[in-house]
Amino acid sequence: MNAFEYRRATTVGHVVAWLRDEPDAKLLAGGQTLLASMQLGMAAPPVLIDLQSLPELQDIRLEQDHLWVGAMCTHARIARLQLVRDALPGIAKLAGGIADQQVRNRGTIGGSVANADPAACWPAGLLASGATLVTDRREISADDFFQGLFTTALAPDEVLVGVKFPRAGALHYVKFEQAASRFALVGAAVWRGPSGVRVALTGLGHGITRWPEAEAALSRRFAPLELHGTDFPADLCTGDLHASAKYRAHLAAVLTARAVALHQEHA
Amino acid sequence: MNESTCAHVNGKRVALPARPNVTLVGWLRDELQLTGTHRACDTAQCGACTVLVEGAAVKSCNVLACQVSGANIRTVEGLAAEGGPLHPLQRAFGEHHALQCGYCTSGMLMRAAAMVEEGVPAEPEAVAHALGGNICRCTGYEGIVKAICQGLREIRAGKLA
């Protein structure tokens with residue numbers, strides 16, 4: 001692992017100032033992606049800014065119309081907190097299905113979302129839920145935040161502080177794991193609420209995406225069979241050693257239908 | 001030594017390494033000579049490096065030592081009391097043939113130790129699921145799962161955690 005300078009931030013202001021002074025610095029959240037990358041030589045930041053001592057990023061609370069989840073909350077905490085399980089059980093379940101317990105005990109929602117891995121679970125959950133991302137300087141809708149492979153709307157010196165999940169509506173997320181990495185080969189998040197149906201897919205290869213055709217079909221009739229015979233476009237999917245583009249496209253439809261079935265089961 | 005420059009390993013206060021680019025497993029093994037924790041894949045997949053930080057199971061190859069300043073860390077060396085009898089989990093691993101080469105074993109034991117607080121039921125399906133972050137190449141897992149079920153039952157029945 002490369003030599004680097006380690007800094008522990010105590011205010012968000014510090015973090016922003018340090019990012020401006022050190023353009024090659026990286027933020028250290030749970031480290032479950034960053035540290036592994038550094039050990040493989042895939043990243044070599046000269047400065048690491050540890051975010052664990054910022055209490056305002058650890059808060060989880062219920063507001064009138066949304067659930068606030070601080071960026072440094074671990075997947076494990078989000079999965080086990082009763083207030084999350086009661087208010088938004090689909091969110092708790094998504095968190096509890098990420099990787100394994102050891103990774104969940106360190107990995108954070110903020111780290112996952114800011115990294116925007118094209119096979120990660122949280123981005124799909126946020127996009128389907130129509131969540132709002134809150135930074136040190138503005139609020140960004142999930143639709144505007146995720147911009148492709150490992151690409152978000154965050155400015156180089158911008159710090160994600162937390163996520164607002166709308167309390168209205170329900171989310172169900174189904175993923176088919178790639179057996180070794182436990183990442184989603186494909187994952188489908190289906191949200192149903194007052195404003196209609198939203199479908200977000202991860203793992204297809206070009207970054208997370210909504211699926212307008214499925215949303216239209218499910219708005220006509222909310223049932224798994226509405227998707228029968230409709231695959232996601234294969235030309236928008238990646239083929240690799242784990243799965244062909246056609247396989248991913250078909251899997252997207254199968255998993256979306258399963259998520260719809262879960263909605264019906266829990267209605 | 002203050003809380004930002006040390007950690008507590010198996011109840012003992014120890015100074016953290018001077019340089020930050022040291023993983024928790026590297027510090028435990030190479031500097032503290034606590035070689036019970038193993039390095040196997042070094043890519044945070046196999047779980048052989050699992051230790052407890054504030055009671056939570058973590059993969060020590062994927063945590064920096066400086067991230068856990070001030071924290072209570074427990075390794076396999078800290079399972080049984082010094083000079084005392086084996087921990088119920090260790091005894092169960094012996095009884096149920098839950099190890100062959102032993103490489104994954106300390107990681108399995110520490111993962112299992114965390115299951116007590118997590119409330120994982122002492123049932124094969126639940127334990128197997130909870131072991132998702134730990135790989136074994138030798139045993140086929142059956143002995144490991146049986147041993148952990150027995151260990152969890154004994155610990156919860158009050159037989160010496």
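Order of the sequence lines fixes the chain letters, A, B, ..., with proteins taken first and strands second; residue numbering starts at 1 for each chain.
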Check [Y] with [X], please: is the shortest side-chain N to carboxylate O separation under 4.0 Å?
X: B:Arg19; Y: A:Glu5; value: no
X: A:Arg80; Y: B:Glu118; value: no
X: B:Arg111; Y: A:Asp100; value: no

Interchain contact, [X] with chain B, by part (heavy-atom threshold 4.5 Å):
X: A:Leu48; answer: side chain
X: A:Gln32; answer: both
X: A:Gln39; answer: side chain
X: A:Arg104; answer: neither

**Heavy-atom pairs under 4.5 Å with chain A, option from B:Gly47, B:Cys66, B:Ser4 with the top count** =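 The residue among B:Gly47, B:Cys66, B:Ser4 with the greatest pair count is B:Cys66.
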**Item:** When B:Ala57, B:Gly26, B:Gly132 are compared by non-hydrogen pairs under 4.5 Å with chain A, the top option
**Value:**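 If we count pairs closer than 4.5 Å to chain A, B:Ala57 comes out on top.
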**Message:** Which label fits A:His263 and A:His172: parallel for a plane angle under 30°, tilted from 30 to 60°, or perpendicular past 60°?
**Reply:**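 The arrangement is perpendicular - the two ring planes meet at more than 60°.
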**Message:** So for B:Leu131, is it side chain, backbone, both, or neither that comes closer than 4.5 Å to the heavy atoms of chain A?
**Reply:**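 Contact with chain A involves no heavy atom of B:Leu131 at all.
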**Message:** Going by the rule side-chain hydrogen bond (donor to acceptor under 3.5 Å, both in side chains), which residues pair with B:Asp42 if we only count those two or more places apart in sequence or in a different chain?
**Reply:**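 B:Asp42: no side-chain hydrogen bond (donor to acceptor under 3.5 Å, both in side chains) contacts found.
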**Asked** Can you name the ring-ring contact (aromatic ring centres under 6.0 Å, His included) partners of A:Phe176, sequence neighbours left out?
**Response**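 A:Phe176: no ring-ring contact (aromatic ring centres under 6.0 Å, His included) contacts found.
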